[in-house]
Colleague: 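Can you read through this structure? Questions will come right after.
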Amino acid sequence: MAMNVGSSGEDDLMMEINTTPLIDVMLVMLIMLIITIPIQTHAVKLDMPQNTPAKPLAKPVVVQIDIAPDNAVMWNGERLPNREELETRLSAAGKADPQPELHIKPNKDASYAPVAMVLAESQRLGLTKLGIVGSEQFLQ
């Protein structure tokens, strides 16, 4: 298998085999194999747990704590006579299941001390659902 390559006139023998046609044939055969293989569908049988609908969540009790302009603390509209009464009610609310939501609404003219006292007592007694309501009055 001698082959004359080029026009230089030298008698060089080509010792390698030309693999390009072999690779072309292999690729065509691979494409034909991929096309002719039937698509197999594999199905795995799984026993999935059934979804049980959760019971509807009960709305939590909302306790409105107002701070009046004279720094008095009111529990759902009822004026509390002293700090001990507030602690008693917050302690009972902290032990309730589920805990009520505390909506603290300070008046614009009230000082910061009673608001901080209510927040500190709530945190100390383990209440976690706190919210400051009516803060839009302080935007001026």
Side-chain angles (χ1 to χ4, degrees):
M1 284 202 28
M3 182 184 231
N4 196 1
V5 180
S7 61
S8 62
E10 298 178 13
D11 291 333
D12 289 336
L13 296 176
M14 183 174 173
M15 301 303 283
E16 301 112 20
I17 189 168
N18 189 0
T19 58
T20 303
L22 294 176
I23 292 174
D24 291 344
V25 169
M26 181 194 64
L27 289 176
V28 168
M29 290 178 68
L30 181 65
I31 291 172
M32 294 302 291
L33 180 70
I34 290 173
I35 291 173
T36 58
I37 290 179
I39 298 175
Q40 297 179 358
T41 57
H42 295 285
V44 178
K45 177 108 172 100
L46 294 176
D47 294 327
M48 300 297 290
Q50 297 298 322
N51 185 11
T52 56
K55 59 182 178 182
L57 296 174
K59 289 188 177 184
V61 177
V62 175
V63 175
Q64 182 75 31
I65 299 177
D66 294 319
I67 311 295
D70 61 347
N71 296 333
V73 179
M74 296 196 283
W75 184 280
N76 285 336
E78 178 187 344
R79 189 179 197 101
L80 298 179
N82 52 23
R83 183 176 178 167
E84 289 77 26
E85 179 67 25
L86 175 68
E87 288 181 19
T88 304
R89 292 191 184 195
L90 287 175
S91 178
K95 293 175 184 171
D97 188 36
Q99 282 188 356
E101 290 182 4
L102 295 182
H103 292 186
I104 302 168
K105 185 176 181 181
N107 189 295
K108 183 172 149 178
D109 297 326
S111 65
Y112 182 71
V115 177
M117 185 256 313
V118 169
L119 291 173
E121 289 296 324
S122 301
Q123 181 185 15
R124 184 179 66 82
L125 295 171
L127 289 159
T128 56
K129 298 178 181 179
L130 299 171
I132 305 291
V133 180
S135 58
E136 62 275 354
Q137 64 182 333
F138 301 108
L139 292 177
Q140 297 173 357

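Position 1 is the first residue of the sequence, and the numbers go up from there.
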Colleague: Give a yes or no on whether Q64 atom CD has more than 12 heavy-atom contacts from other residues, nucleotides or ligands under 6.0 Å away.
Modeller: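 Count over threshold, so yes.
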
Colleague: In terms of hydrophobic clusters joined by side-chain contacts under 4.5 Å, are V61 and V133 together?
Modeller: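 Different clusters.
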
Colleague: Output the distance between atom CG (N107) and atom CE (M74), rounded to the nearest 0.5 Å.
Modeller: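 Answer for the CG-CE pair, N107 versus M74, is 8.5 Å.
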
Colleague: Working to the nearest 0.5 angstrom, can you tell me the gap between I34 CD1 and M32 CE?
Modeller: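 Reported value, rounded in 0.5 Å steps: 11.0 Å.
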
Colleague: If we ignore hydrogens and angles and just use 3.5 Å, is the side chain of N71 paired with the main-chain N or O of S111 as donor and acceptor?
Modeller: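 A pair under 3.5 Å: yes.
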
Colleague: My understanding is that only residues two or more places apart in sequence, or in another chain, count here; which of them pass side-chain contact (heavy atoms from CB on, under 4.5 Å) with V115?
Modeller: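 Checked V115 against side-chain contact (heavy atoms from CB on, under 4.5 Å); matches are I67, P106, L119.
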
Colleague: Would you say NZ of K105 has more than 12 non-hydrogen atoms from neighbouring residues, nucleotides or ligands within 6.0 angstrom?
Modeller: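 For K105, atom NZ is not crowded (no more than 12 foreign heavy atoms under 6.0 Å).
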
Colleague: If you round to the nearest 0.5 Å, how far is CD1 of I65 from CD of E121?
Modeller: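 The CD1 atom of I65 is 11.0 Å from CD of E121, to the nearest 0.5 Å.
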
Colleague: Please test M117 against V73 for side-chain contact (heavy atoms from CB on, under 4.5 Å), starting from the C-alpha separation and ending with a verdict.
Modeller: CA-CA 10 Å; M117 185 256 313; V73 179; 4.2 Å; yes

Colleague: Does atom CG of L33 have more than 12 heavy-atom neighbours, drawn from other residues, nucleotides or ligands, at distances under 6.0 Å?
Modeller: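 Result for CG/L33: enclosed.
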
Colleague: Just verifying a value: how many Å separate M26 CE and I31 CD1, rounded to the nearest 0.5 Å?
Modeller: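 Here the interatomic distance stands at 10.0 Å.
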
Colleague: Please walk me through it: do E78 and E85 pass side-chain contact (heavy atoms from CB on, under 4.5 Å)?
Modeller: CA-CA 11 Å; E78 178 187 344; E85 179 67 25; 5.7 Å; no

Colleague: Hey, does the side chain of E101 reach the backbone of P60 with a donor-acceptor pair shorter than 3.5 angstrom?
Modeller: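 Answer holds: no.
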
Colleague: Is the side chain of S122 donor-acceptor paired with the backbone N or O of V118 at a distance under 3.5 Å, no angle test?
Modeller: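 Confirmed, S122 side chain pairs with V118 backbone.
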
Colleague: Please report the shortest heavy-atom distance between N76 and V62, naming the atom on each side.
Modeller: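 Between these two residues, the closest heavy atoms are OD1-O, 4.0 Å.
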
Colleague: Could you report the tightest heavy-atom contact between A110 and A68, atom names first, then the distance?
Modeller: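 Smallest heavy-atom distance, with atoms named: CB-O, 3.3 Å.
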
Colleague: Before you tell me yes or no, could you show the steps for L27 and I23 under side-chain contact (heavy atoms from CB on, under 4.5 Å), namely the whole-Å CA-CA distance, both residues' side-chain angles and the distance that decides it to 0.1 Å?
Modeller: CA-CA 6 Å; L27 289 176; I23 292 174; 4.1 Å; yes

Colleague: First locate atom CZ of R89, then atom CG of L125, and finally report the distance between them rounded to the nearest 0.5 Å.
Modeller: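 That separation rounds to 14.5 Å.
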
Colleague: Any chance you could measure T20, atom OG1, to L22, atom CG, to the nearest 0.5 Å?
Modeller: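 Here the interatomic distance stands at 8.5 Å.
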
Colleague: Could you tell me which non-hydrogen atom of A93 sits nearest to which non-hydrogen atom of P100, and how far apart they are?
Modeller: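 Smallest interatomic distance, heavy atoms only, reads O-CD, 3.3 Å.
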
